[in-house]
Amino acid sequence: MKPRVIVTRKWPAAVEQVLAERFDTTLNAGDIPFTATQLKAALLNFDAVLPTVSDKLPAEVFPEEQPRAKIIGNFGVGFSHIDVETAKRRGIVVTNTPGVLTDCTADIAMSLLLAVARRTGEGERQLRAGEWQGWCPTHMIGAKVTGKTIGIIGMGRIGKAMARRAHFGFGMKVIFFNRSRVDDEETRAMGATQLPSIEAVLEQADFVSLHCPGGAENRNLINAERLAHMKKSAFLINTARGDVVDETALADALESGVIAGAGLDVFAQEPQVPERLTRLENTVLLPHLGSATEETRVAMGMKVVDNITAFFAGEAIPDRVV
């Protein structure tokens, strides 16, 4: 018999077709997010559960009785929404989808940087509202990007991709913080400088771009104290995870002029976005579009397919987290 697999959200049709061919697959045609009760039932009744970053799987969602599920094939790189330690204790493998969304996420990060610096969102809103009075020398003055300093927090795949765009595309100086030492041909080619602390990066950077994992270790990594280390003319860009930033502290900093602006693609309690952030003109806010291209979303789905196919075949799992 084919393993029973359940997909918690609607995935690209090409991926769903492959899943249906290989497994006894239950799809979510209506794309209605699962409740905690439904997620618990999925773990009890299916051999594989395929969630996304919008599905919260804390310890209490794992059933007390032994779950039928033996693998959680996560659609996404980040897995802070899954209690991986509980999964491990219950004998459930967890996988993710690294690598395939690097470029598109870096593209969105660069888009946010440019948009908030040059006030393009603000300008489009003004134009669409019929409020533009025509060109003048002092209208909607923004910040220059070319030649400035970008600070990367988390110099992994996406952090490096963002640094490449900034350095080779806009002549930006690259500084970065990473927990482990990074010294390779790619960073040397950019002349990137690793600094000893997050604070050191914040103090020197004109733009700070976050590319670190979410979850308990990094929750509120960027808080009021650290925002105060940034230049008043600096901008914060977040395409990592929403919980990396203390959103209340960020709103305070933006309202009081501690920093100049922020570009955000992720939020701590998605899809809820703090109203204070939505009211500010010095923010650019996107609905988690980092990996939202056809090529990337299909590639992510196929990564999940490869992971669970290998698992059920008793082969080495390409992207095992635990």
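All of these numbers come straight from a predicted model, not from anything done at the bench.
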For Glu294, salt bridge (Lys or Arg N to Asp or Glu O under 4.0 Å) partners two or more places apart:
none
Taking the side chain as C-beta and beyond, is there a heavy-atom pair between Leu202 and Phe177 under 4.5 Å?
no
With sequence neighbours left out, write down each residue that passes ring-ring contact (aromatic ring centres under 6.0 Å, His included) with Phe75, or none if nothing qualifies.
Trp11
Salt bridge (Lys or Arg N to Asp or Glu O under 4.0 Å) with Lys70: which residues, sequence neighbours excluded?
none
Salt bridge (charged side-chain N to carboxylate O under 4.0 Å, His left out) contacts touching residues 297-306 (sequence neighbours left out):
Lys303-Asp319
Residue that, paired with Thr8, satisfies side chain to side chain contact (heavy atoms under 4.5 Å, CB included) out of Ile32, Thr52, Asn28:
Thr52
Is a side-chain donor-acceptor pair under 3.5 Å present for Gln126 with His139?
yes
Leu27 versus Lys10: any side-chain heavy-atom pair under 4.5 Å?
no
Got Thr97 and Asn74 here, is their nearest side-chain heavy-atom distance under 4.5 Å?
no
In the hydrophobic clustering that connects Ile, Leu, Val, Met, Phe, Trp and Tyr at side-chain heavy-atom distances below 4.5 Å, which members other than Trp132 occupy its cluster, ordered by chain and number?
Leu127
Roughly how far, to the nearest 0.5 Å, is the CD atom of Glu247 from the CG atom of Asn220?
8.5 Å
Applied to residues 104-131, the salt bridge (charged side-chain N to carboxylate O under 4.0 Å, His left out) test, sequence neighbours excluded, yields Asp107-Arg165, Arg119-Glu122, Glu124-Arg128, Arg125-Glu281
Members sharing Leu43's hydrophobic cluster, built from side-chain contacts under 4.5 Å between Ile, Leu, Val, Met, Phe, Trp and Tyr, are Ile6, Phe34, Leu39, Phe46, Val49, Leu57, Val61, Phe62, Ile72, Phe79, Ile82, Val84, Ile92, Val94, Val321, Val322
So Asp265 and His288, do their side chains get closer than 4.5 Å, heavy atoms only?
yes
Can you sort out the partners of Gln194 under side-chain hydrogen bond (donor to acceptor under 3.5 Å, both in side chains), two or more places apart, ordered by chain and number?
Arg181
More than 12 heavy atoms of other residues, nucleotides or ligands under 6.0 Å from CD of Gln269: is that the case?
no
Is any side-chain heavy atom of Leu250 closer than 4.5 Å to one of Leu264?
yes
For Arg22, what residues pass the salt bridge (Lys or Arg N to Asp or Glu O under 4.0 Å) criterion, not counting sequence neighbours?
none
Enumerate the salt bridge (charged side-chain N to carboxylate O under 4.0 Å, His left out) contacts for residues 190-206, please, sequence neighbours excluded, ordered by first and then second residue.
Glu199-Arg226, Asp206-Lys231
Residues which pass salt bridge (Lys or Arg N to Asp or Glu O under 4.0 Å) with Arg89, listed by chain and number, not counting sequence neighbours:
none
Could you identify which residues cluster with Ile150, counting Ile, Leu, Val, Met, Phe, Trp and Tyr as linked when any side-chain heavy atoms lie under 4.5 Å apart, either directly or through a chain of such contacts?
Ile108, Met110, Leu112, Leu113, Leu114, Val116, Val145, Ile152, Met155, Met162, Phe168, Phe170, Met172, Val174, Phe176, Val182, Met190, Phe207, Phe235, Ile237, Val284, Leu286, Leu289
